[in-house]
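These notes concern the structure reproduced below.
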Amino acid sequence: MKTITIDDEFDAWRSAALSALSQGLAPEAIEWRTSQTHAAEPSLFEPSEAERHEAQSHAPTVRVSKELATLIKEAAHFSDAHRWSFLYRVLWRWAQGDRAVASAADEDGARLHRMAKAVRRAQHDMIAYVRFRKRDASLGSPEYVAWYEPDHDVLAWGAEHFAKRMGKSTWLITTPTGAAMFNGETLRLERRHAFAADHVSDTPDSAEALWLTYYKSTFNPARLNEDALELHMPVRFWKGLPEGALIPRLVSEARSGARRMAQARGVGALGGKSIPVEASEAQPERDTPTSLDACRRCDLWRTATQAVAGQGSERARIMLLGEQPGDQEDLKGEPFVGPAGRLLDDAMQRAGVARRDVYLTNAVKHFKWEPRGKRRLHKTPGQQEVDACAYWLDKELRTVDARVIVTLGATALNALVGKGASLQSHLGRAVPFGDRWIVATYHPSYALRQNDDTARERTVATIVAALEEARRLAGQ
Ligand code: URA
């Protein structure tokens, strides 16, 4: 057994893994350790600097698909001490020509997809739940601090996000395993530098007092749905949120009805709902909007007529996921009511799937377009818009009980399984997705764009076959 000790970082694993591959080391022959936990234990089996250099100079360049490379990179941030050995097994199998390892239908592949998905979710959570607190100006830099406990190692990713969003403000995010600091220009990450949570909660914070007043005044007991509240703002995040401490009390007061009175008093005293928030600060109303209509998570709302919500029963066993509303959907506020929707209706009829039995939605809920003369021309949504809208798709995935999700086109597939998934490699086979199935097929607009009748019919037939497969998997 060979022991390989690396820094607990993707790049360190990557070069060590390539070197191990070049030596033909099978996964079972390696014990992976990280210097974080074993720094003081030099291994007798460690290669010398010269050996390492020698091995690396012969390291093969393993050509992995873009999809697998993305999955491995994401999964590398999954909090699990065994992830490096698992990822090496994946890489090893691929290097042996075993392409199934990248598929969610394979046991290792499914684990890899799950890990990557959990990391993406942790990234999303970090953006939604980090709350910066403003420090007293007399304390100097950083102006803002936040304490956050991510489920996975997403600090670096989240820090880059905030560095882009918060302008020149200086800030510090601390987590149990590291800290990120931004001095207005440069981002610095420090690993394993845990700060006490108290450091943050003691921070004098006038903005926080305002935020709490605002939160109390807008908390609507009449519409309280405790399950939904926990879903949107999971309990484990409450302690990082200024409003977190208020939630249990507000919930119990709402149950007793007392909150109704208190809210009316609070709102009356406030005389309005506006709160001063620095333009560049993390904004709960933007990041965790309470309704789709009020969504400002990306800029598409500015040019769209309205957001188009999903349509259908939460008990539907099949979900059809499109890309984004088109021109007619944008005007009508309903998904798939334009030309692509008509083609989809025909395909559904041929497949024996009734529209009333499915839940229809889109990866992006606002129409993205560019002017062409008097027409509004469809524009493919960017990754940023897809990511921003994942907030809504995640909610739908939690509430709609669909067993099968039919993704229409590459954007829809990528929105579910991650950027880089190739539509061609998913066509014609059902892929497990947690306890569900994904059946990927073409977007109906792709069929509409085919000039040649034969090619169009072939595309439609592929869509019909996917719908039939979905019906079979859904037991309908
Ligand atoms: N295209 C889509 O992807 N969705 C719609 O709702 C309409 C057209």
Side-chain angles (χ1 to χ4, degrees), residues 289 292-293 295-312 319-348 355 358-394 396 405-424 426-427 438-453 455-464 466-467:
L292 185 56
D293 287 337
C295 187
R296 305 290 182 260
R297 288 174 59 85
C298 74
D299 278 340
L300 292 184
W301 63 276
R302 293 181 189 281
T303 47
T305 311
Q306 59 193 315
V308 178
Q311 193 176 58
M319 177 187 280
L320 302 189
L321 180 62
E323 182 195 78
Q324 62 166 347
D327 182 75
Q328 297 194 27
E329 289 80 11
D330 169 79
L331 298 172
K332 254 191 128 177
E334 288 176 44
F336 287 103
V337 290
R342 283 192 287 282
L343 188 140
L344 183 63
D345 280 339
D346 285 348
M348 281 199 281
R355 190 165 170 132
V358 302
Y359 183 89
L360 269 170
T361 193
N362 286 297
V364 171
K365 311 295 194 238
H366 281 109
F367 178 35
K368 181 170 182 177
W369 57 277
E370 58 188 354
R372 186 68 56 84
K374 288 190 177 163
R375 293 176 55 218
R376 300 190 299 172
L377 224 60
H378 162 276
K379 217 172 160 206
T380 305
Q383 190 61 38
Q384 210 193 348
E385 285 130 9
V386 174
D387 289 345
C389 228
Y391 176 78
W392 298 108
L393 181 57
D394 284 350
E396 290 171 299
I405 304 161
V406 180
T407 56
L408 304 165
T411 303
L413 177 65
N414 290 343
L416 271 194
V417 304
K419 196 171 160 242
S422 120
L423 175 57
Q424 281 304 327
H426 279 75
L427 278 179
I438 292 179
V439 178
T441 191
Y442 295 118
H443 193 283
S445 307
Y446 177 65
L448 289 175
R449 285 199 301 273
Q450 316 266 347
N451 293 325
D452 162 359
D453 285 350
R456 178 186 294 204
E457 174 47 30
R458 208 178 316 125
T459 308
V460 174
T462 306
I463 299 175
V464 172
L467 292 167

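- The salt bridge (Lys or Arg N to Asp or Glu O under 4.0 Å) contacts involving residues 297-312 comprise D299-R302, where partners must be two or more places apart or lie in separate chains.
- Heavy atoms only, all atoms of each residue included: K365 and P325 are closest at O-CG, 3.4 Å.
- Annotation: side chain to side chain donor-acceptor pair (under 3.5 Å) contacts of D327 (sequence neighbours excluded): R376.
- Residues passing the side chain to side chain donor-acceptor pair (under 3.5 Å) test with E323, sequence neighbours excluded: H378, T411.
- Nearest heavy atoms, T441 versus L427: CA-CD2, 3.6 Å.
- Not counting sequence neighbours, H426 has no partner by the side chain to side chain donor-acceptor pair (under 3.5 Å) test.
- Taking CG of L448 as the reference point, atom CG of L343 lies at 5.0 Å (rounded to 0.5 Å).
- A pairwise comparison of heavy atoms in L321 and A363 identifies CD1-N, 3.5 Å as the closest pair.
- The backbone N or O of L331 lies less than 3.5 Å from a partner atom in the side chain of Q306, making a donor-acceptor pair.
- Note that CZ of R456 is 8.0 Å distant from CG of N451, once rounded to the nearest 0.5 Å.
- Put simply, the side chain of L320 does not reach to within 4.5 Å of the side chain of T361, judged on heavy atoms.
- Looking at N414 and V386, their side chains never come closer than 4.5 Å, going by heavy atoms from C-beta outward.
- Residues that satisfy the side chain to side chain contact (heavy atoms under 4.5 Å, CB included) test with T459, not counting sequence neighbours, are Y442, Y446, A447, Q450.
- A search for side chain to side chain contact (heavy atoms under 4.5 Å, CB included) contacts involving D452 returns T454, A455, not counting sequence neighbours.
- In this structure, the side chain to side chain contact (heavy atoms under 4.5 Å, CB included) partners of A307, at least two apart in sequence or on a different chain, are L292, D293, H366.
- Every residue meeting the salt bridge (charged side-chain N to carboxylate O under 4.0 Å, His left out) condition with R355, not counting sequence neighbours, appears here in chain and number order: D345.
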If you apply the rule side chain to side chain contact (heavy atoms under 4.5 Å, CB included), what do you find for F367 with T305, and how did you get there? CA-CA 8 Å; F367 178 35; T305 311; over 6 Å; no

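- Side chain of Q328 to backbone of P339: no donor-acceptor contact under 3.5 angstrom is found.
- Scored by the salt bridge (charged side-chain N to carboxylate O under 4.0 Å, His left out) test, D394 finds R121 as partners (sequence neighbours excluded).
- The two residues I463 and A347 come nearest to each other via the heavy atoms CG2-CB, 4.1 Å.
- In this structure, the side chain of W392 does not engage the main chain of G310 through any donor-acceptor pair within 3.5 Å.
- Using a 4.5 Å cut-off on side-chain heavy atoms (C-beta onward), L360 and L344 make contact.
- With sequence neighbours excluded, the residues satisfying side chain to side chain contact (heavy atoms under 4.5 Å, CB included) with R375 are L377.
- Between A440 and L423, the closest heavy-atom pair is CB-CD1, 4.0 Å.
- Put simply, the side chain of F336 reaches to within 4.5 Å of the side chain of P444, judged on heavy atoms.
- V358 is not listed as a side-chain neighbour of L467, based on a closest heavy-atom distance of 4.5 Å or more.
- At most 12 non-hydrogen atoms from other residues, nucleotides or ligands lie less than 6.0 angstrom from CD of Q384.
- Residues G322 and A412 share a closest heavy-atom pair of O-CB, 3.6 Å.
- Applying the side chain to side chain donor-acceptor pair (under 3.5 Å) criterion to E385, with sequence neighbours excluded, gives K368.
- Applying the salt bridge (Lys or Arg N to Asp or Glu O under 4.0 Å) rule to pairs touching residues 334-343 yields nothing, sequence neighbours excluded.
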